[in-house]
Amino acid sequence: MTIESFPVELQGWIQRYVQGEEAVRALYDYPPFGNEAERLRELERYEFKRESLRKALHEYQQRYEHREKAMAQIDKLQDERSVVVVGGQQAGLLTGPIYTIAKAVTVLLKAKEEEKKLNVPVIPVFWIAGEDHDWEEVNHIHVHSHDGKVRKVKYEGRTNKGAPVSEQPIDASAIQQWLEKVFLNCRETPYSRKLYEKIQHFAEKSATVSDFFAEVMLWLFRSQGLVMLDPQEPLFRHLMADTWTSLIEENQAVRQAFTDGKKKIEDVHDGEAFIEVADEHTHLFYSANGRREKLVMHHDGELSLGNGQYKMSRSDWSRETQLHPEKFSANVYTRPFVQEKLLPVLTFIAGPGEAAYWSMVGPLFHHFGRRVPPVAPRLQQTYVDRTSEKTLHSESLSALNVANEGTSDYINRLRQRNQQLNTDELLEQSQALAAEGHQVMAKALYTLAPSEERFTDKNFQRLQEVLKDLQLRIEKKQFERIAPRVKKLQQLEQRLYPNGKPQERVLNIFQLLNEYGEDRVLTLFDTMEWQEFRHQFLYL
């Protein structure tokens with residue numbers, strides 16, 4: 001097992017941010033790396049409900065089996081100097097795409113690195129975005145199937161429409177069928193049965209999709225002690241009550257902060273903002289009748305749900321935040337501030353999209369006398385299986401190039417080098433000759449039966465199909481010698497650049513666990529080291 005790393009290849013906003021473009025960096029309060037000591041001094045000025053947070057995190061982890069190392073991390077909160085490195089993602093099935101794993105690994109490595117450098121306790125926290133209700137984004141995984149194609153395997157269980165992911169129930173029968181379908185699409189190995197039974201066990205004991213996610217993540221990172229936090233859980237929501245109250249009572253300033261942040265982005269991003277919401281949106285949601293509804297502000301200063309229900313004064317809504325804080329949740333704009341108030345955030349680990357929209361939250365933080373924490377891009381990861389590694393070696397290809405561009409161009413060049421006949425020219429010549437001959441025969445038929453035009457058209461179409469079949473046959477024969485190489489190159493692309501996208505955005509870590517066993521894959525997590533702005537290639 002080896003790990004190879006390269007500088008990340010980024011595009012768009014995240015590239016401008018990482019490269020330090022002055023106009024972009026000015027929208028953040030800290031650079032992504034290097035100012036952690038300064039951020040630590042800032043955090044010393046704030047008060048956090050550390051003991052209440054410690055108890056809530058303890059109570060939450062108690063639900064899950066592989067919690068021992070996480071519990072030890074949580075107890076660091078007893079030290080008033082303790083801080084956290086935090087990153088998060090929606091609760092995907094079997095962890096969702098590999099970028100979820102990359103983000104968790106980055107959180108762990110960054111926390112370990114800063115604890116060593118700053119000599120203070122640093123806790124790695126994974127923030128499950130359980131309040132999100134985009135079910136279609138998380139209800140499936142993609143697997144590299146027996147036929148070499150990447151297949152989407154969708155969970156078809158009963159769902160509560162409009163409910164947050166944390167409140168989506170696990171349908172026992174449907175999840176069983178889904179797991180069977182996932183494993184049927186993977187080749188059977190000596191590790192398959194044990195892995196299947198482990199995942200089946202986790203699914204059976206999980207009440208919700210978010211529970212299932214937390215159970216699996218704690219198992220995967222059981223030796224590192226990743227701490228899970230689902231902010232949708234009432235025990236955390238109650239710690240957020242005062243934050244909800246502030247966001248309600250000062251909502252005019254909150255919405256103005258959004259307008260200011262949006263304008264700043266538009267000035268440096270060709271008039272395009274990363275978050276768009278209606279002017280009346282309070283940037284908060286409220287759970288009613290099993291649905292997560294947006295909370296809006298009216299011209300008379302009262303607030304209601306987006307559908308007009310529960311129209312009340314701001315003071316009434318402030319009272320509601322104290323009585324039922326579990327019913328409130330943040331939107332994408334206020335979530336960073338809610339996180340900031342709950343946790344002593346040393347660094348936030350972000351994906352490219354998150355790093356972009358965090359550029360808009362400065363005015364909100366500043367209104368409440370806070371600075372936006374350092375926003376550090378996560379590591380990028382690509383897992384290279386043995387077959388792919390052999391193909392890379394035999395064809396003298398770069399894993400980095402394949403992971404970013406695929407193999408189509410290389411295959412085209414390979415075919416050009418081995419081409420003896422230009423079948424496109426042959427087809428064009430044959431079609432021209434056939435058209436002349438067909439026209440002669442068609443005219444002869446028309447002299448006897450003018451109504452036979454439809455027959456001749458169909459006849460000509462069949463003739464074209466025959467010529468096309470001949471072209472394909474010639475191509476197959478002339479490329480027969482390189483066909484095995486082409487097939488391996490196509491398989492390589494589907495492994496490292498599936499569906500024309502980076503592997504970490506499509507495939508799932510469980511395929512690798514099935515092929516190589518959990519010990520081999522999880523050992524890689526133990527051997528990784530902290531790196532800034534890197535794309536890691538993990539050879540299995």
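- A salt bridge links Glu115 to Lys76: at least one charged side-chain nitrogen sits closer than 4.0 Å to a carboxylate oxygen.
- Between Gln536 and Gln381, the side chains place a donor N or O and an acceptor N or O closer than 3.5 Å (distance only, hydrogens not considered).
- Taking the six-membered ring for Trp, Trp358 and Tyr28 have ring centres at least 6.0 Å apart.
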- Decide yes or no on side-chain hydrogen bond (donor to acceptor under 3.5 Å, both in side chains) for Thr347 and Arg39, but give the supporting numbers first. CA-CA 8 Å; Thr347 300; Arg39 172 63 175 175; over 6 Å; no
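- Salt bridge Lys55/Glu59: absent, no basic N to carboxylate O contact under 4.0 Å.
- Side-chain atoms of Arg222 come within 3.5 Å of backbone atoms of Trp219 as a donor-acceptor pair (strictly under, hydrogens ignored).
- In the model, Glu180 has a side-chain atom that pairs as donor or acceptor with a side-chain atom of Gln176 under 3.5 Å.
- Between Arg54 and Glu51 a salt bridge is recorded (basic side-chain N to carboxylate O distance below 4.0 Å).
- If you check the side chains of Glu68 and His66, you find no donor sitting under 3.5 Å from an acceptor.
- Remark: the Asn185 side chain and the His144 side chain contain no N/O donor-acceptor pair separated by less than 3.5 Å.
- With ring centers used as reference points, Phe368 lies under 6.0 Å from Phe337.
- Look at Glu136 and Lys154 and you find a salt bridge, because one of the NZ, NE, NH1 or NH2 atoms lies within 4.0 Å of a carboxylate O, short of that distance.
- Taking the ring centroids of Trp317 and Tyr310, they lie at or beyond the 6.0 Å cut-off.
- Under 4.0 Å is where a charged nitrogen must lie from a carboxylate oxygen, and between Asp267 and Lys263 at least one such pair does.
- Taking the centre of each ring, Tyr155 and His140 stay at or above the 6.0 Å mark.
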- Go through Trp530 and Lys112 one step at a time and tell me if the side chain to side chain contact (heavy atoms under 4.5 Å, CB included) criterion holds. CA-CA 8 Å; Trp530 170 249; Lys112 184 178 179 181; over 6 Å; no
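- A side-chain donor-acceptor contact under 3.5 Å links Thr282 to the backbone of Leu295.
- His281 and Phe258 have their aromatic ring centers separated by at least 6.0 angstrom.
- Between Glu38 and Arg371 a salt bridge is recorded (basic side-chain N to carboxylate O distance below 4.0 Å).
- Taking the six-membered ring wherever Trp is involved, the centroid distance between the rings of Phe221 and Phe126 does not fall below 6.0 Å.
- Under 3.5 Å, the side chains of His201 and Glu65 contain a donor-acceptor pair of N or O atoms.
- No donor-acceptor distance shorter than 3.5 angstrom exists from the side chain of Ser82 to the backbone of Gln78, with no hydrogens or angles considered.
- In this structure, the side chain of Gln503 engages the main chain of Tyr383 through a donor-acceptor pair within 3.5 Å.
- Formation of a donor-acceptor pair under 3.5 Å by the Asn514 side chain with backbone atoms of Phe510 is not found in this model.
- By the 4.0 Å N-to-carboxylate-O rule, Arg25 lies too far from Glu21 to be salt-bridged with it.
- Between Gln232 and Arg237, the side chains place a donor N or O and an acceptor N or O closer than 3.5 Å (distance only, hydrogens not considered).
- Side-chain atoms of Lys341 and Arg370, non-hydrogen and from C-beta on, do get closer than 4.5 Å to each other.
- Between the side chain of Lys69 and the backbone N or O of Ser223, at least one donor-acceptor pair lies under 3.5 Å.
- Counting only distance, with no hydrogens or angles, the side chain of Gln90 and the backbone of Glu137 share no donor-acceptor pair below 3.5 Å.
- For the residue pair Ser315 and Ser313, a side-chain donor N or O sits within less than 3.5 Å of a side-chain acceptor on the partner.
- With respect to Asp279 and Arg255, no salt bridge is recorded, no charged nitrogen being found less than 4.0 Å from a carboxylate O.
- In this structure the side chain of Gln322 reaches within 4.5 angstrom of the side chain of Asp242, judged on heavy atoms.
- Ring to ring, Tyr60 and Tyr64 are close: their centroids are under 6.0 angstrom apart.
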